[in-house]
Amino acid sequence: MNLIKTSLALALAATGLSAQAAHFQIVGPSLVGGYTYAEATTSMFGTVSADALVDDLSSDQALLGFGMYSDSATDGSSTIRYDWVREVTLDAQTDASAVGFTLGGTSVLGFDGVQGLQGLVESSRVTLDTTLKIASDGEAAGSAIRMLISGTAESLFSASLSVIQPDTSFSLIASWGGQSVSYTGNGSMEAFDLSLDTVVGAEVTLSLSYITRPGWVGAAIDIPAGTVQGFEESGLMAGTLMLAPVPEPETYALLLAGLGLIGAAARRRRG
């Protein structure tokens, strides 16, 4: 019985190697940025446009991109207003073994008392590209390890002008050694779980993006004064990167053998 217990203990120890045997380190190069361009065409104002950039505010192990715009065009009785915020983060500083990431923002384009609205468009994106090294905390370089990526993505879109249609995409790609895993979403509420088998010491490239392109062109529309019509969209992709051991085939065999011996011993006692 002691031999059975020893076999099972060894197997469990092998499969339960701590993910703390390695951690993530941002080694770059890192590119964090984005932009927006919004345009509306009316008979009153002609073509009105706005643009802004996402600024890179990153530090060594905490990547951060942030952009904001808020302005309006008015003639006193008619107003076009555009508000825009985008942010992306990747934090390997707070906990290098469980790296959190977020990517999202909000856009609002509204028209009040505008005559002859003939079309509008917003083209907006925020992106993050970097390289993460799987640094050892005692585990030998080249040891098998698994990168786990889990998260959720969702976009909420509402338009008081029904002719405006959303066009949203989220993307995440992790690559190493000719292998890659990816998630792509269109804004519907989704959870995702990905895994990439790699090794201690590897450098994994990671790319995140959030892109929106709502728009419409058509017959002129008059917006009554005192009402604000247009669209509002907000989106967020958020998740965590973690590391887990990859047990060798021999470990699984040892575990199964130990469980089989325990089962046999239990049957003998019942008999």
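Positions are given from 1 along the sequence.
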Within this structure, what is the [atom1]-[atom2] distance for the pair [X] and [Y], rounded to the nearest 0.5 Å?
X	Y	atom1	atom2	value
Y37	Y82	OH	OH	11.0 Å
D60	S30	CG	OG	9.0 Å
I80	L109	CD1	CG	7.5 Å
H23	K133	NE2	NZ	9.0 Å
M242	S97	CE	OG	6.0 Å
S77	M44	OG	CE	5.5 Å

Running the 4.5 Å side-chain criterion over Ile, Leu, Val, Met, Phe, Trp and Tyr, what cluster does [X] land in, apart from itself?
X	value
L64	L57, F66, M68, V85
V217	none
Y35	L53

Looking at side-chain heavy atoms only, is the closest gap between [X] and [Y] below 4.5 Å?
X	Y	value
V126	E87	no
I26	L132	yes
L90	V32	no
L120	I164	yes
W176	V199	yes
P224	Q229	yes
I145	E139	no
L172	L103	no

Show me the side-chain donor-acceptor pairs of residues 187-195 shorter than 3.5 Å, one per line, residues at least two apart or across chains.
{"residue": "S188", "atom": "OG", "partner": "N186", "partner atom": "OD1", "Å": "3.1"}
{"residue": "E190", "atom": "OE1", "partner": "Y183", "partner atom": "OH", "Å": "2.6"}

Which heavy atom of [X] sits nearest to which heavy atom of [Y], and what is that distance?
X	Y	value
A22	D137	C-OD2, 3.6 Å
L243	I134	CD1-CG2, 3.9 Å
G116	A220	CA-CB, 4.0 Å
I223	Q115	O-NE2, 3.7 Å
V54	G65	CG1-C, 3.6 Å
W84	S124	NE1-OG, 2.8 Å

Can any side-chain N or O of [X] pair as donor or acceptor with the backbone N or O of [Y] at less than 3.5 Å?
X	Y	value
D91	V99	no
D112	G226	yes
S143	A140	yes
E154	L236	no

Give every residue pair that meets the side-chain hydrogen bond (donor to acceptor under 3.5 Å, both in side chains) criterion with at least one member in residues 209-218, sequence neighbours excluded.
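Residue pairs with at least one partner in residues 209-218: R86-T212, E122-T212.
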Scan residues 233-242 for pairs that pass side-chain hydrogen bond (donor to acceptor under 3.5 Å, both in side chains), counting only residues two or more places apart or in two chains.
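Every side-chain hydrogen bond (donor to acceptor under 3.5 Å, both in side chains) pair that includes a residue of residues 233-242, provided the two are not neighbours, is S155-E233, T168-E233.
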Do [X] and [Y] land in one hydrophobic cluster if side-chain heavy atoms of ILVMFWY residues count as linked below 4.5 Å?
X	Y	answer
V121	L117	no
L161	V114	yes
L156	M237	no

Applying ring-ring contact (aromatic ring centres under 6.0 Å, His included), which residue pairs with at least one partner in residues 143-167 are found, sequence neighbours left out?
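Counting only pairs at least two positions apart or across chains, the ring-ring contact (aromatic ring centres under 6.0 Å, His included) contacts touching residues 143-167 are F157-F231.
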With sequence neighbours excluded, give me every ring-ring contact (aromatic ring centres under 6.0 Å, His included) pair touching residues 98-132.
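For residues 98-132, and leaving out neighbouring residues, there are no ring-ring contact (aromatic ring centres under 6.0 Å, His included) pairs at all.
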Can you list everything that forms a salt bridge (Lys or Arg N to Asp or Glu O under 4.0 Å) with [X]? Sequence neighbours excluded, please.
X	value
D129	none
D197	R146
R81	D83

Tell me which one of T205, T198, V181 satisfies side chain to side chain contact (heavy atoms under 4.5 Å, CB included) with S175.
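Among T205, T198, V181, the one meeting side chain to side chain contact (heavy atoms under 4.5 Å, CB included) with S175 is T205.
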For F45, ring-ring contact (aromatic ring centres under 6.0 Å, His included) partners two or more places apart
none
